Amino acid sequence: MSKSILVTACLLAVTASGHAQEIFSDGFEASDRLDWSNIVATCAIPPGAGLEDVSNPSTVVGGGTPASCTSAAFVDAVAQGGVITFDCGPDPVTITLEETARILNDTGPEIVIDGGGLITLSGGGSRRILYMNTCDPDLVWTTPHCYNQDHPRLTLQNLRFINANSKNELVFDGGGAIWVRGGRFKIVNCGFYNNVCEDVGPDLGGAAVRVFSQYEGLPVFVVNSQFGGAQGSGNTCSNGGGISSIGVSWTVLNSSFSGNRAIGNGGNPAESGTPGGGSGGAIYNDGNTMTLSICGTHIENNQVNAYGSAIFFVSNDHTGNIVIDRSVITNNLGGSWYPTYPQISNHSDTPIDVTISIIR
């Protein structure tokens with residue numbers, strides 16, 4: 001059965017064979033009319049989603065040299081909270097962590113970590129980089145309603161996260177580079193490369209980022225950020241090669257996901273005889289009452305074994321919706337169960353609003 005996807009003046013016809021072809025309404029092939037690389041426009045950044053002011057930092061990591069920017073200095077700065085910047089010299093610096101940095105819930109309410117475009121945080125192939133959890137008593141309980149409190153409000157900006165690995169995390173699994181629960185969270189001008197979490201298992205994931213519960217259901221903002229990219233730099237987990245969440249809404253703006261992989265097998269719940277997983281090459285959203293909004297974003301060359309080579313969005317209570325605007329979703333590989341659009345796995349009654357975009 002054929003399916004036509006309206007993309008403003010352009011039709012993307014998905015044939016019964018599963019092949020997609022772009023056609024303009026006047027019959028000309030889109031490749032004769034349009035440079036696909038220019039279809040992704042810069043989308044406006046809403047209030048509260050952009051960079052935070054770091055002109056008056058609470059803590060500066062380093063004393064002007066690369067050697068002064070140690071794992072211990074960074075971990076201690078994160079524990080103190082507030083606005084954190086770096087002074088590691090004029091050149092790019094990689095800080096390889098010897099332990100996971102932990103956000104304490106009583107050190108905000110605003111916590112900003114700004115790398116100034118020069119700082120890369122590495123997990124050294126053996127640990128998660130950053131952990132925040134409003135419901136973990138070891139991080140200080142600050143309210144009786146930890147799942148729905150408005151703090152800490154964590155912003156990560158102008159940073160790179162590489163070579164993180166959460167496979168040794170036995171309680172709070174997934175979230176190769178970053179694991180977050182509660183408060184508010186946003187990512188601005190960041191890159192995530194070669195991060196990993198568990199290889200198999202249902203309903204766990206987020207090689208780069210995993211998030212649970214945000215205050216009043218407000219979205220996690222991801223702005224001007226990159227997940228994977230060049231060959232060999234993608235992120236890998238059982239599910240959610242890029243990002244993963246349970247019951248969390250996301251707004252993704254002017255970003256890219258490429259070369260990420262969901263390598264589990266058997267889906268969720270796991271099929272008989274399988275370990276489960278393998279869904280959401282770039283994005284894995286599960287749970288209740290959530291939305292996914294994507295604008296100005298490339299999702300391409302991601303891969304799965306089970307469902308949703310680009311996006312897996314399953315709302316257990318059949319609420320929520322997906323909005324895709326001025327974006328390109330293409331050449332994502334593998335998977336099945338695509339009731340509405342190729343490369344997107346969702347319930348057939350999930351509203352998906354697509355404008356000025358390419359899905360093929």
Side-chain angles (χ1 to χ4, degrees), residues 45 48-55 57-61 69 71 73-86 88 92-97 100-105 107-123 127-134 139 151-164 166 174-195 206-212 214-215 218-228 235 242-245 248 250-257:
I45 308 304
L51 292 167
E52 295 293 327
D53 179 15
V54 294
S55 58
S58 308
T59 305
V60 178
V61 176
C69 290
S71 169
F74 173 68
V75 170
D76 182 64
V78 171
Q80 293 181 49
V83 175
I84 301 164
T85 61
F86 298 79
C88 308
V93 169
T94 296
I95 301 173
T96 300
L97 297 193
T100 299
R102 307 195 310 164
I103 300 289
L104 299 182
N105 298 316
T107 59
E110 305 293 340
I111 299 176
V112 181
I113 306 174
D114 187 322
L118 295 176
I119 303 301
T120 295
L121 300 172
S122 171
R127 63 185 48 81
R128 179 183 288 145
I129 293 171
L130 189 65
Y131 170 64
M132 168 175 154
N133 187 347
T134 54
L139 301 181
H151 65 280
R153 295 185 285 274
L154 173 63
T155 299
L156 305 177
Q157 57 190 46
N158 302 318
L159 289 160
R160 297 171 77 244
F161 297 83
I162 68 170
N163 300 334
S166 67
I178 298 167
W179 198 102
V180 170
R181 171 181 282 152
R184 293 300 315 283
F185 177 50
K186 69 177 175 179
I187 300 166
V188 186
N189 295 356
C190 289
F192 296 83
Y193 314 101
N194 292 310
N195 301 293
V209 180
R210 184 161 172 82
V211 182
F212 288 81
Q214 289 285 282
Y215 175 64
L218 294 169
V220 174
F221 289 111
V222 176
V223 179
N224 298 335
S225 293
Q226 185 176 47
F227 298 78
N235 306 283
I243 60 179
S244 166
S245 61
V248 170
W250 296 78
T251 297
V252 181
L253 304 169
N254 307 327
S255 296
S256 67
F257 297 77

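All figures in this text were calculated on a predicted structure; none of them were measured in a lab.
Checked by atom type, the side-chain pair Thr100/Arg127 shows no donor-acceptor distance below 3.5 Å.
Residues Phe192 and Asn235 come closest through the heavy atom pair O-ND2, 3.1 Å. Heavy-atom minimum distance, Ile95 versus Cys69: CG1-O, 3.6 Å. In this structure, Cys88 and Val61 approach most closely via the heavy-atom pair SG-O, 4.1 Å. Between Gly115 and Leu159 the shortest heavy-atom distance is CA-CD2, 3.4 Å. Residues Ala177 and Ala164 share a closest heavy-atom pair of CA-CB, 3.5 Å. The two residues Ser244 and Arg210 come nearest to each other via the heavy atoms OG-NH1, 2.7 Å.
Under the rule for a side-chain hydrogen bond (donor to acceptor under 3.5 Å, both in side chains), the partners of Ser245 that lie at least two apart in sequence or sit in another chain are Trp250, Asn285. For Arg128, the salt bridge (charged side-chain N to carboxylate O under 4.0 Å, His left out) partners are Glu169, not counting sequence neighbours.
Counting heavy atoms from C-beta outward, Asn133 and Phe212 have side chains that stay 4.5 Å or more apart. Contact of the Met132 side chain with the Pro152 side chain is registered, since non-hydrogen atoms from C-beta on lie closer than 4.5 Å. Side-chain contact check for Val209 versus Val180: every heavy-atom pair is 4.5 Å or farther apart. The closest side-chain heavy-atom distance from Val220 to Gln214 is below 4.5 Å. Using a 4.5 Å cut-off on side-chain heavy atoms (C-beta onward), His151 and Tyr215 make no contact. No side-chain heavy atom of Val188 sits less than 4.5 Å from a side-chain heavy atom of Phe221. Here the side chains of Asp76 and Thr59 are not in contact, with every heavy-atom distance at 4.5 Å or above. Residues Leu253 and Asn224 fail the side-chain proximity criterion, which asks for heavy atoms closer than 4.5 Å.
Side-chain N or O atoms of Gln157 include one that pairs as donor or acceptor with a backbone N or O of Glu52 at under 3.5 Å. In this structure, Thr155 contributes its side chain and Lys186 its backbone to no donor-acceptor pair below 3.5 Å. A side-chain donor-acceptor contact under 3.5 Å links Ser166 to the backbone of Gly174. The main-chain N or O of Leu104 is found under 3.5 Å from a side-chain atom of Thr107 such that the two form a donor-acceptor pair.
Distance check, rounded to the nearest 0.5 Å: CD1 of Ile187 to CG of Asn189 gives 11.5 Å.
Of the listed residues (Ile111, Leu154, Leu218), just one forms a side-chain contact (heavy atoms from CB on, under 4.5 Å) with Arg184, and that residue is Leu218.
The stretch residues 112-122 participates, sequence neighbours left out, in no salt bridge (Lys or Arg N to Asp or Glu O under 4.0 Å) pair at all.
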